[in-house]
> 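I'd like to ask you about the structure that follows.
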2 protein chains.
Amino acid sequence: MMDSEARKRLENAGWTAGDAADFLELSPEEARFVELKLALAAGVRRFREKRGWTQAALAQQLGSSQSRVAKMEAADGSVTLDLMMRSLLAMGIMPSEIAKLIRKVESHKAA
Amino acid sequence: MMDSEARKRLENAGWTAGDAADFLELSPEEARFVELKLALAAGVRRFREKRGWTQAALAQQLGSSQSRVAKMEAADGSVTLDLMMRSLLAMGIMPSEIAKLIRKVESHKAA
DNA sequence: GCGCTCTATGTCCAATATGACATACAGCAA
DNA sequence: TTGCTGTATGTCATATTGGACATAGAGCGC
């Protein structure tokens, strides 16, 4: 019931360090969700830099702010998947590319 | 392939911010974002039914409620991608399967 | 050193999503 | 018909996310 919610909130407070695989207390679904966010966050940064855009430029494209973009790329707990997806789409990334980012998530799991 | 169906559901979901939903007035990014949600919503329903779960059962797994699951499957505008992703993961769907759902969301007819 | 640009982090509060609840509807069986 | 099960839809109080802003840090050329 509240178990996953509470734990998610808890983890959100300090999950910016390192690989998602070391969250030993997370259930597989929770771990995958976190890894998903990390993968998309990394994707946003990668594509943005590839384009030579600043965070402020992407923010403007999104109608958001530089600080939000920074948090997003840091996979801050206060940033939703929605914003990440919108960012990728705002950079013209195709769903097939997004799918690639997601497909990579399941690979590394044991810890 | 499912353009008209997607559009119908989109209209049913009351998707645009202002007037009656019209798919064709959305920018390409906005349209892709909506289609992404539609695809994931359909995926949630498909996998749930495949498993023989009721909406209430999935809701319990999620720590959510039947009404929210119903809205989610209807791609209601009040439901985030986060909840959809969590739902898929809660059903044990692998990221590679989710990637498949997303990969299918390629471009629709340009305005 | 300074100044400039880009990024990180933290705090506001308005906007939005949330679960819970009520209730209506659809289908089916007795 | 009634009763039961599952789904749809609307509302609401509370929780969470949003953009905006301030500010600090990092890197770089001068």
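No experiment lies behind these values; they were computed from the predicted model shown. First the proteins, then the strands, lettered A, B, ... as listed; each starts at 1.
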> Closest nucleotide of DNA chain D for B/Glu49 versus for B/Lys71: which of these residues is on the 5' side?
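That would be B/Glu49.
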
> Is A/Arg68 close to A/Ser65 at the side-chain level, that is, under 4.5 Å between some pair of heavy atoms?
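A/Ser65 reaches A/Arg68 side chain to side chain.
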
> Apply salt bridge (Lys or Arg N to Asp or Glu O under 4.0 Å) to B/Arg48 and list each qualifying residue two or more places apart in sequence or on a separate chain.
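With neighbours one apart ignored, the set is B/Glu73.
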
> If you restrict it to nitrogen or oxygen atoms, what contacts under 3.5 Å exist between nucleotides 23-25 of chain C and the protein, and what is each distance?
none

> Less than 4.0 angstrom between a side-chain N/O of A/Arg68 and OP1 or OP2 of C/dT9, yes or no?
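Negative; the distance criterion is not met.
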
> Would a 4.5 Å heavy-atom cut-off, applied to side chains only, mark B/Lys37 and B/Leu40 as touching?
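They are not in contact (no side-chain heavy atoms under 4.5 Å apart), so the answer is no.
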
> Report yes if some heavy atom in the side chain of A/Val44 is under 4.5 Å from a heavy atom in the side chain of A/Leu58; otherwise report no.
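The answer is yes; the side chains approach within 4.5 Å.
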
> Between D/dT17 atom C1' and A/Lys37 atom NZ, what is the distance in whole Å?
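In whole Å, D/dT17 C1' lies 10 Å from A/Lys37 NZ.
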
> Starting at the 5' end of DNA chain C, which residue's closest nucleotide do you reach first, A/Ser67 or B/Ser78?
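Going by which nucleotide is closer to the 5' end, it is A/Ser67.
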
> Which residues in residues 51-65 of chain A have a heavy atom closer than 4.0 Å to any atom of DNA chain C?
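Going residue by residue through residues 51-65 of chain A, the ones with a heavy atom under 4.0 Å of DNA chain C turn out to be A/Thr54, A/Gln55.
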
> Compare all side-chain heavy atoms of B/Arg86 with those of B/Ser64 and state whether any distance is below 4.5 angstrom.
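B/Arg86 does not reach B/Ser64 side chain to side chain.
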
> To the nearest Å, give me how far apart CG (B/Leu83) and C1' (D/dT17) are.
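Atom-to-atom, B/Leu83 to D/dT17, this comes out as 14 Å.
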
> Estimate the overall bend of the helix from C/dG1-D/dC30 to C/dA30-D/dT1 from the end axes over five pairs each, rounded to 10 degrees.
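Here the local axes at opposite ends form an angle of 30°.
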
> Would you say the side chain of A/Arg32 lies within less than 4.5 Å of the side chain of B/Met94, judging by non-hydrogen atoms?
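Contact flag for B/Met94/A/Arg32 side chains = yes.
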
> Less than 4.0 angstrom between a side-chain N/O of A/Thr80 and OP1 or OP2 of D/dG18, yes or no?
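Answer is yes, contact under 4.0 Å.
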
> Under a 4.5 Å cut-off applied to non-hydrogen side-chain atoms, are A/Val69 and A/Ser87 in contact?
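Sidechains of A/Ser87 and A/Val69: no contact.
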
> Whole-Å distance between D/dT17 P and B/Leu81 CG?
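Taking atom P of D/dT17 as the reference, CG of B/Leu81 is at 14 Å.
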
> Is the shortest side-chain N to carboxylate O distance from A/Glu97 to A/Lys100 below 4.0 Å?
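Salt bridge present between A/Glu97 and A/Lys100.
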
> What's the CG-C1' distance between B/Asp76 and C/dA17, to the nearest Å?
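Result: 10 Å.
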
> Using whole Å, report how far CE of A/Met72 lies from C1' of D/dT17.
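Taking CE of A/Met72 and C1' of D/dT17, I get 13 Å after rounding.
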
> Run the side chain to side chain contact (heavy atoms under 4.5 Å, CB included) test against A/Ala70 and tell me which residues pass, sequence neighbours left out.
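Partners of A/Ala70 under the side chain to side chain contact (heavy atoms under 4.5 Å, CB included) test: A/Gln55, A/Gln66.
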
> Using atom CG of B/Asp82 as one end and atom P of C/dA17 as the other, report the distance to the nearest whole Å.
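After rounding, the reported distance stands at 11 Å.
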
> Can a side chain N or O of B/Arg45 be found less than 4.0 Å away from OP1 or OP2 on D/dA8?
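Yes.
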
> Contact between B/Val105 and B/Phe33 at the side-chain level, heavy atoms closer than 4.5 Å - yes or no?
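Counting from C-beta outward, B/Val105 and B/Phe33 never come under 4.5 Å.
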
> Is the side chain of B/Asp82 donor-acceptor paired with the backbone N or O of A/Thr80 at a distance under 3.5 Å, no angle test?
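A pair under 3.5 Å: no.
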
> For the hydrophobic clusters of this structure (ILVMFWY residues joined by side-chain heavy atoms under 4.5 Å, transitively), does one cluster hold both A/Trp53 and A/Ile98?
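In one cluster: yes.
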
> To the nearest 0.5 Å, tell me how far B/Leu101 CG sits from B/Leu38 CG.
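Taking CG in B/Leu101 and CG in B/Leu38, the distance rounds to 12.0 Å.
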
> Within this structure, what is the CE-to-C1' distance between A/Met85 and D/dT17, rounded to whole angstrom?
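Whole-Å distance recorded here is 17 Å.
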
> Extract from the structure each pairing of a protein N or O with an N or O of nucleotides 14-16 of chain C at less than 3.5 Å, listing the distance.
none

> With heavy-atom distances below 4.5 Å as the criterion, would you say the side chains of A/Ile93 and B/Glu29 are in contact?
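No - every pair of side-chain heavy atoms lies 4.5 Å or more apart.
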
